[in-house]
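Data first, discussion second: the structure below is written as structure tokens.
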2 protein chains.
Amino acid sequence: MPDTVLNERALKLLKTLVQRYIRDGQPVGSRTLSRESALEVSPATIRNIMADLEELGLVSSPHTSAGRVPTAAGLRVFVDTLVTVKPLQKKIAAEIANGLSETGESSQALVTTASKLLSQVTHLAGVVTVPRRTHGQLRQIEFLQLSDNRVLAIIVVNAREVQNRILKLDRSYTESELRQAANYLTDQFAGNDVSDVRSKLLGELKQARESMNEMMLNAISMAQRAFEKGETEDDFVMAGKTNLLDFAELSSVDTLRQLFEVFNRKRDILHLLDQCTKAEGVQIFIGKESGYEPLDECSVVTAPYTVDDEVVGVLGVIGPTRMAYERVIPIVDVTAKLLGQALKMP
Amino acid sequence: MPDTVLNERALKLLKTLVQRYIRDGQPVGSRTLSRESALEVSPATIRNIMADLEELGLVSSPHTSAGRVPTAAGLRVFVDTLVTVKPLQKKIAAEIANGLSETGESSQALVTTASKLLSQVTHLAGVVTVPRRTHGQLRQIEFLQLSDNRVLAIIVVNAREVQNRILKLDRSYTESELRQAANYLTDQFAGNDVSDVRSKLLGELKQARESMNEMMLNAISMAQRAFEKGETEDDFVMAGKTNLLDFAELSSVDTLRQLFEVFNRKRDILHLLDQCTKAEGVQIFIGKESGYEPLDECSVVTAPYTVDDEVVGVLGVIGPTRMAYERVIPIVDVTAKLLGQALKMP
DNA sequence: ATTAGCACTCTCCCGTGGAGACTGCCAATG
DNA sequence: CATTGGCAGTCTCCACGGGAGAGTGCTAAT
């Protein structure tokens, strides 16, 4: 036994073991390891070290006479301290940058593109949460009469987002009533932070119920309805689920079934992604660390993306625990940065 | 050999064979068939008849000593002449009706719900094309200034559909210019069939280029841009892909991969669905009849749905060839009718 | 501490040999 | 002459077993 159990040599071996395992997904034997690692040691020595690593819970053997496979803990050590992030290929960086710049206006489209790019470049499943701009500036409110009692509210935020919402009202309004209401509201609230608008509306309504004329009251109550449930349900997009079919270790139909089910339910995944807004920079969940049973055999690599220094969403990829972290990490990293930039542009 | 080769008894046997095969997906032997069918004949007789049916290409045996399995041709005969459609369970009809009536306003939402209902009720994959109303009445056009040179066009059709489109223009317009343009266009074209508007715009522009004032010219050219590319890309929705994972015969990971890929590409499927708008009533494609290799082991059951006697879209389900046609056919049928009704409502 | 050698273990891949399920054919039957 | 019972033949499925290959753990030597 060496001075400290996890000495440099052991770590170097762990690193090559993980790299090899990631490459072809099979247990790595001592002979292979002795050839692969630059270290000049015999297989026998490696076997000893492996026994140590196994005791520490960093590797394990599927059965007596197979090589070793890194455990989740082993992978964690790898990504935390051993991984040497490959410099991003220019070609790939360009692919992402182009993809995003070629995409048109709406932030929804940008998010979808980002997700597709991630999946395309990493050959994993890409996920991106829809940006939730807590500090957007309300630009304009407009109402259109659709039919009796039904009014279309259009809310423009930040010169980019456009939200439609159909309101059913208790009576019908004339066109000029609607125009007046819209003008009043736009005058009153344009430039306000959109997260404040709702509470201000409530305050306004309560504070001055009697001092206002009917028109204003109507306008405010309509606006309230329009701002209700501001979150849309479609709050993240995902591309490349089929890439997961490529990996042998996920290919039991049952595992796949579970996986696809989770992606359909969305909520669980979203919760997981939400946690990532707190940290900054790339974050990695390996296996059970995600806390969701169906993802036990998956890793998730995420990074928050920002607009004007404010975190507005998270993106990342989901794949088997044996994904190519060295490649994936920088990809997720720059995609987050580029998406942030793309969203900022006018 | 009987009078005519495909006599009544042979057909009855084919029917029970198909039913049995659909039920549990395994080859059916002569003994089973003799018990199952109400016919009082011995297995030996049945073996003779089976030999005949095999010669006709309606059944086949996977190997010498397995029972018989219906071929695609056999299934075709079954659905064309033998199937006795089960009366739709009230519970299911109610489920669909409720599901649709509880869904809110937008036709997009209705379509998604319909797709989900189909998949939920049949345990297959549900598909619905987005309604393409060729004869919708234009109700209103509105323009909103977003930022310099960027204008949001809002087109209201039929008191239900709302389309947004962002236009990049060569100069910026004042609010009143936009309002005038919108008013002019709404006056001019409201009530027109939306499919005519574009051509009328063109005509108007050409015919009277000099006689118009600049405002009108601007209005018309803006409107033209707004009506370009009227089709959205997201032209059908699909729910319940995961249901396909349930069926043993589709569960080779490779088959599944192909299948999911097809659903992602969308275009091929859409083409297939488009063909179904021509026929009326329920239409069935068995195996290769669909013409798409990845669907070789699948059947597609579709029905067009109508609004005001005009076919506006197609819905249906996709599943393995051995799907429960007797149950699925009426479900697809009523869903089409109910969706049509739901879309018609104000 | 490292290494070579060796016995041991476990998987994977065949080939083998019933057991079970049907068929196809033939001869008997009404 | 259609139908039936009987019977041999065929094919799958599964369990068993043995040999090859890979890799380990232990021990004794360096």
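Each chain gets a letter, A, B and so on, in the order the sequences are listed, and its residues count up from 1.
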Checking B:K241 against B:F260: charged group under 6.0 Å from the ring centre and within 45 degrees of the axis?
no

Rounded to whole angstrom units, what separation is found between the CG atom of B:L13 and the P atom of D:dT3?
11 Å

Compute the angle between the rotation axes at the two ends of the helix from C:dA1-D:dT30 to C:dG30-D:dC1, each taken over five pairs, rounded to 10 degrees.
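What I find for the helix from C:dA1-D:dT30 to C:dG30-D:dC1 is an axis angle of 20°.
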
Taking N and O atoms by type only, does the side chain of B:R47 place a donor or acceptor under 3.5 Å from a partner on the base of D:dG6?
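Result: at least one qualifying N/O pair found.
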
hbond_proxy B:T64 side chain to D:dC11 base (donor-acceptor, 3.5 Å cutoff):
no

OP1 or OP2 of [N] versus the side-chain N and O atoms of [X]: is any pair under 4.0 Å?
X	N	result
A:R68	D:dA22	no
A:R9	C:dA1	no
B:T45	D:dT4	yes
A:S65	D:dG23	no

Taking the side chain of A:H63 as heavy atoms from C-beta outward, which of C:dT11, C:dA4, D:dC11 is closest to it?
C:dT11

Whether the side chain of [X] engages the backbone of [Y] through a donor-acceptor N/O pair (distance < 3.5 Å, no angle test) should be reported.
X	Y	result
B:S61	B:T64	no
A:T32	A:V28	no
A:T129	A:V314	yes

Which part of the nucleic acid does B:A66 contact within heavy-atom distance under 4.0 Å: base, sugar-phosphate only, or nothing?
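Sugar-phosphate contact only.
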
Do A:Q19 and A:E326 have side-chain atoms, one donor and one acceptor, less than 3.5 Å apart?
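A:E326 and A:Q19 do have a side-chain donor-acceptor pair below 3.5 Å.
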
Would you check if B:F263 and B:I318 make a side-chain contact, meaning some heavy-atom pair closer than 4.5 Å?
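Yes; the side chains approach each other to less than 4.5 Å.
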
